There are 2 protein chains.
Amino acid sequence: MSNAKVLPLLEPDGQGVTPCCPPLTERPFTADEAETAARMFKALGDPVRLRLFSAVASHEGGEACVCDISDVGVSQPTVSHHLKKLKEAGLLTSERRGTWVYYRVEPSVLAAMGKLLTMAPTAA
Amino acid sequence: MSNAKVLPLLEPDGQGVTPCCPPLTERPFTADEAETAARMFKALGDPVRLRLFSAVASHEGGEACVCDISDVGVSQPTVSHHLKKLKEAGLLTSERRGTWVYYRVEPSVLAAMGKLLTMAPTAA
DNA sequence: CACCTGTATCGATAGACGTCAACATAGACA
DNA sequence: TGTCTATGTTGACGTCTATCGATACAGGTG
């Protein structure tokens with residue numbers, strides 16, 4: 001339940017985060033960069049996880065209780081399993097507050113992923 | 001080798017394309033939206049595919065011959081397999097020119113994926 | 001035509017993954 | 001303490017997938 005090691009794809013640098021990789025269009029990814037970035041994409045590559053992630057991301061305050069988002073057509077253990085995967089991928093963090101566990105999306109992670117898909121500024 | 005049915009995630013609309021889904025943060029994805037968008041993320045969720053895609057995307061003109069990008073540490077059949085997957089996901093198109101086959105990235109697809117990861121414009 | 005190079009397909013195999021039922025754990029409350 | 005609800009973990013099962021060697025196909029060149 002701890003968030004000790006999260007955001008494996010971004011390194012905090014004081015006033016923001018440094019993305020793991022350049023835009024996909026800037027230069028060919030190295031093996032390491034690809035390994036790192038692929039983890040993120042892979043985490044979002046399952047429909048159930050994508051729905052869970054979207055549910056959290058679009059929820060008020062960028063966070064949601066599991067009970068608020070678990071209506072995605074699979075069993076409760078499966079929901080828990082997918083939330084764990086999203087957490088391991090650095091896309092979500094979690095925190096227990098009393099009876100409920102809240103998952104939160106890190107906006108900077110979203111932004112970094114968006115930049116990955118940006119066209120390189122080639123004299124636009 | 002035909003590109004008859006490509007870009008399953010975007011619908012051409014004359015002067016551009018209409019993305020399949022709203023930004024992840026706008027509202028919870030429906031099951032159908034998640035199914036569609038997850039296919040894209042899944043395609044990029046493999047390190048080898050990500051390297052191939054990045055190699056094509058960053059290559060001059062947004063296109064590259066297989067021979068230019070196949071040095072990613074796996075066998076030739078595996079490269080071919082992954083390129084096919086990327087094509088099926090609508091991320092690449094291919095065209096044979098003489099002896100060689102060229103793969104090309106559709107810029108609009110990249111842009112659409114980027115928008116998926118955009119923060120909803122909440123009175124920014 | 002025969003031959004060579006570049007790319008795709010086939011068939012097999014090992015490992016990863018999504019899913020569930022059963023069980024475990026954490027906190028609230030009586 | 002016991003019980004109830006919310007969530008996580010375990011173990012098993014079937015399916016998907018990444019990978020390879022062998023082979024097929026396409027196009028150029030002689």
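Bear in mind that the values here come from a model prediction, so they are computed numbers and not experimental data. Below, chain A is the first sequence line, B the second, and so on; all start at residue 1.
Comparing A/Q76 and A/D46, the nucleotide of DNA chain C nearest to each residue sits closer to the 5' end for A/D46. For A/H82 and A/R97, each mapped to the nucleotide of DNA chain C holding its nearest heavy atom, the one lying further toward the 5' end belongs to A/H82.
Ionic pairing of B/E95 and B/R97 is present here: one or more N-O contacts between side-chain nitrogen and carboxylate oxygen are shorter than 4.0 angstrom.
The A/S80 side chain lies nearest to D/dG8 when the options are C/dA8, D/dG8, D/dT7. You'll find that the side chain of B/T99 is closest to D/dG28, out of C/dC20, D/dG28, C/dA8. Taking every side-chain heavy atom of B/V74 into account, D/dT19 is the closest of D/dT19, C/dT19, D/dA6. Here the nucleotide nearest the side chain of B/P77, chosen from D/dC20, D/dT17, C/dG6, is D/dC20.
Note: CZ (B/R96) to C1' (D/dA26) measures 5 Å, nearest angstrom. Counting to the nearest Å, the P atom of C/dG18 and the CD atom of A/E88 are 11 Å from each other. Going from atom CG of B/L50 over to atom P of D/dT17 covers 17 Å, rounded to whole Å. Atom-to-atom, CH2 of A/W100 to C1' of D/dC4 comes out at 13 Å; the value is rounded to the nearest Å. Atom-to-atom, CD of A/E95 to C1' of D/dT7 comes out at 15 Å; the value is rounded to the nearest Å. In this structure, the CG atom of A/L52 is 12 Å from the P atom of C/dG18, given to the nearest Å. As a whole-Å value, the separation of B/Y102 OH from C/dG6 P is 12 Å. B/L86 places its CG atom 16 Å from the P atom of C/dT7, with the value rounded to the nearest Å.
A sub-4.0 Å separation between OP1 or OP2 of C/dC17 and a side-chain N or O of A/K42 is present. One finds no side-chain N or O of B/S75 lying less than 4.0 angstrom from the OP1 or OP2 phosphate oxygen of D/dT19. The phosphate of D/dG8 (OP1 or OP2) has a side-chain N or O of A/Y103 nearer than 4.0 angstrom. At least one side-chain nitrogen or oxygen of A/K85 sits closer than 4.0 Å to the OP1 or OP2 atom of C/dG18. Contact annotation: B/K84 side-chain N/O to C/dA8 OP1/OP2 distance is not under 4.0 Å. Contact between the side-chain N/O atoms of B/T78 and the OP1/OP2 oxygens of D/dT19 is not found at any separation under 4.0 Å.
Looking at heavy-atom distances under 4.0 Å, A/R49 makes contact with sugar-phosphate atoms alone, never a base. At a threshold of 4.0 angstrom between heavy atoms, the contacts of A/H81 include nucleobase atoms, whether or not backbone atoms are also involved. Nucleic acid contact for B/V48: sugar-phosphate only, since backbone atoms but no base atoms lie under 4.0 Å from a heavy atom of the residue.
Counting only distance, with no hydrogens or angles, the side chain of B/S58 and the backbone of B/S54 share a donor-acceptor pair below 3.5 Å.
At least one test fails for A/R51 against the ring of B/F29: distance under 6.0 Å to the centre or angle within 45° of the axis.
Under the 4.5 Å side-chain criterion, counting only non-hydrogen atoms from C-beta, A/E33 is in contact with A/P22. Proximity of A/K42 to B/F41: side-chain heavy atoms (C-beta onward) are nowhere separated by under 4.5 Å.
The one candidate from B/R104, B/K87, B/E63 that meets the side chain to side chain donor-acceptor pair (under 3.5 Å) condition with B/S94 is B/K87.
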